[in-house]
Amino acid sequence: MGFKGKEASSFFRDFLDECGGSAVIDGGFATELERHGADLNDQLWSAKCLVSSSSHLVRRVHLDYLEAGANIILTASYQATIQGFEAKGFSREEGVTMLRRSVEIAREAREIYHDRCTKDSSDFMRNERYRKRPILIAASVGSYGAYLADGSEYVGDYGDSVTVQTLKDFHRERVKILVDAGADLIAFETIPNKLEAQAYAELLDEEGIETPAWFSFSCKDESNVVSGDSIFECASIADSCRQVVAVGVNCTAPRFIHGLISSVKKATSKPVLVYPNSGETYISESNQWVKSSESEDDFVPYISKWRDAGASLFGGCCRTTPNTIRGIAEAIYGKVQDKCI
Ligand SMILES: C[S+](C)CC[C@H](N)C(=O)O
Ligand SMILES: N[C@@H](CCS)C(=O)O
Ligand SMILES: [Zn+2]
């Protein structure tokens with residue numbers, strides 16, 4: 001399955017049709033690396049694992065999410081930028097190699113998984129529809145705030161000196177490298193403000209990028225992204241961008257998701273995606289997560305309600321695990337299986 005020669009939107013519609021109407025996104029990536037023992041208290045956060053000695057760990061997390069039932073896995077490039085790598089003493093060429101590597105590792109994981117599917121004979125794998133489900137590699141693009149490595153993607157205030165032009169110049173090269181490396185999709189994620197959404201939209205147009213993209217915002221309540229810009233305005237920018245095939249929210253507390261789906265749907269008829277975090281609060285100084293005062297239960301039981309509200313792609317963000325994704329896949333593929341019988 002490829003988008004070459006196909007309009008981005010029809011490519012994605014076909015993908016969703018093949019999935020049976022709803023698709024499963026993977027779960028927290030960096031926090032899963034940490035659960036496996038990686039120390040990510042670093043300016044590069046998860047991109048630290050792109051140095052070759054840790055590619056096995058990156059591949060392992062991708063495989064765990066594929067085995068849990070994901071249709072879309074996001075690469076380790078969230079906080080991987082040439083600028084960030086250079087600040088750590090890597091050369092430009094080494095930075096380019098690590099960005100490309102993020103896509104290659106995800107592709108390797110997909111191949112290994114497909115091989116396992118042809119050999120595996122467990123009951124779950126015998127479900128033909130599940131076994132043959134389409135799988136896409138989405139190149140993760142974290143915000144400028146992620147590169148700042150101070151939790152800025154949860155605040156979204158870059159100051160007056162940062163303009164649309166600054167952000168386009170910042171992201172241009174990495175986006176082109178990730179596209180060139182063969183990603184099926186570009187996942188612009190944890191977007192904290194409308195300035196950065198505008199920059200992404202202009203960048204896709206200026207560079208004539210045909211790879212489908214999604215825009216996903218981090219939000220602080222049911223109507224606003226973390227900067228205070230309204231989700232309606234942000235989703236409207238995404239709606240106007242030809243290459244954008246899905247719009248939604250990620251790394252946001254589960255309790256806001258239902259309201260946010262309604263707000264996004266007012267701005268666009270494109271497919272809506274949601275992949276909330278665990279609802280815990282991130283402390284950037286110590287790279288730690290603390291329980292929020294409002295307790296958050298496991299959000300898997302809400303998936304069918306969120307689907308009824310109009311979302312069609314579901315996954316998890318920080319501090320969610322393959323267990324969360326397995327629950328979502330069972331909610332989605334359980335229904336598909338019923339339909340097939
Ligand atoms: C989505 S937040 C938890 C990402 C981490 C942040 N960019 C940092 O480096 O601290
Ligand atoms: N895809 C990234 C998003 C962080 S908000 C991750 O899961 O680590
Ligand atoms: Zn997150």
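We count ligands from 1, going down the list as the structure has it; atoms in each ligand are counted the same way. Atom set for the values below is all heavy atoms of this structure, side chains included, hydrogens, waters and symmetry mates excluded.
- Each of Ser140, Ser216, Ser143 was compared with Glu189 under the side chain to side chain donor-acceptor pair (under 3.5 Å) criterion, and only Ser140 meets it.
- Side-chain contact check for Leu44 versus Gln79: every heavy-atom pair is 4.5 Å or farther apart.
- Close contacts of ligand 2 with Cys317, meaning ligand atoms under 4.0 Å from a residue heavy atom, involve 3 (C), 4 (C), 5 (S).
- Ring geometry, Tyr154 versus Tyr282: the interplanar angle exceeds 60°, so the pair is classed perpendicular (tilted spans 30 to 60°).
- Panel note: side chain Thr252, backbone Asn277; no donor-acceptor pair is recorded below 3.5 Å.
- A donor-acceptor contact shorter than 3.5 Å links the side chain of Asp229 to the backbone of Lys194.
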For ligand 1, output the ligand-protein N/O contacts shorter than 3.5 angstrom; if there are none, return none.
from: ligand 1; atom 1: 7 (N); to: Gln79; atom 2: OE1; distance (Å): 2.8
from: ligand 1; atom 1: 7 (N); to: Glu153; atom 2: OE1; distance (Å): 3.3
from: ligand 1; atom 1: 7 (N); to: Glu153; atom 2: OE2; distance (Å): 2.8
from: ligand 1; atom 1: 9 (O); to: Gln79; atom 2: NE2; distance (Å): 2.8
from: ligand 1; atom 1: 10 (O); to: Tyr282; atom 2: OH; distance (Å): 2.9

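- Against a heavy-atom cut-off of under 4.0 Å, Gly28 is close to the following atoms of ligand 2: 7 (O).
- When non-hydrogen atoms are compared, ligand 2 lies under 4.0 Å from neither the backbone nor the side chain of Ser218.
- Between the Lys48 side chain and the Asp39 main chain, a donor and an acceptor come within less than 3.5 Å of each other.
- Residue Cys219 forms a side chain to side chain contact (heavy atoms under 4.5 Å, CB included) with just one option from Ile257, Val264, Leu260, and that option is Leu260.
- Inclusion of Ala30 in the set of residues having an N or O under 3.5 Å from an N or O of ligand 2 is warranted.
- Rounded to the nearest 0.5 Å, atoms CZ (Arg101) and OG (Ser55) are 5.0 Å apart.
- For atom 5 (S) of ligand 2, the nearest protein heavy atom (residue, atom name, distance) is Thr190 OG1, 3.2 Å.
- At least one N/O-N/O distance between Glu189 and ligand 2 falls below 3.5 Å.
- By the 4.0 Å heavy-atom criterion, Ser46 is excluded from the residues contacting ligand 2.
- The atoms of ligand 2 that sit less than 4.0 Å from any heavy atom of Cys318 are 4 (C), 5 (S).
- Taking the six-membered ring where the residue is Trp, Phe215 and Phe217 present perpendicular rings, their angle passing 60° and hence far from 30°.
- Each of Trp306, Phe314, Tyr275 was evaluated against Phe299; a single residue qualifies, Trp306, per the ring pair (Phe, Tyr, Trp, His ring centres under 6.0 Å) test.
- Residue-level proximity to ligand 2 for Tyr78 is carried by the side chain, the only part with a heavy atom below 4.0 angstrom.
- Excluding waters, the set of protein N, O or S atoms lying under 2.8 Å from the Zn ion (ligand 3) comprises Cys251 SG, Cys317 SG, Cys318 SG.
- Within 6.0 Å of the OH atom in Tyr302, the count of heavy atoms belonging to other residues, nucleotides or ligands does not exceed 12.
- With Ser152 contributing its side chain and Leu148 its backbone, the two residues share no donor-acceptor pair below 3.5 Å.
- With respect to atom 7 (O) of ligand 2, the closest heavy atom belonging to the protein is Phe29 N, 2.8 Å.
- Tested against Phe188 for a ring pair (Phe, Tyr, Trp, His ring centres under 6.0 Å), the candidates Tyr144, Tyr78, Tyr200 yield a single pass: Tyr200.
- Remark: the backbone N or O of Gly327 is not paired with any side-chain donor or acceptor of Glu330 at under 3.5 angstrom.
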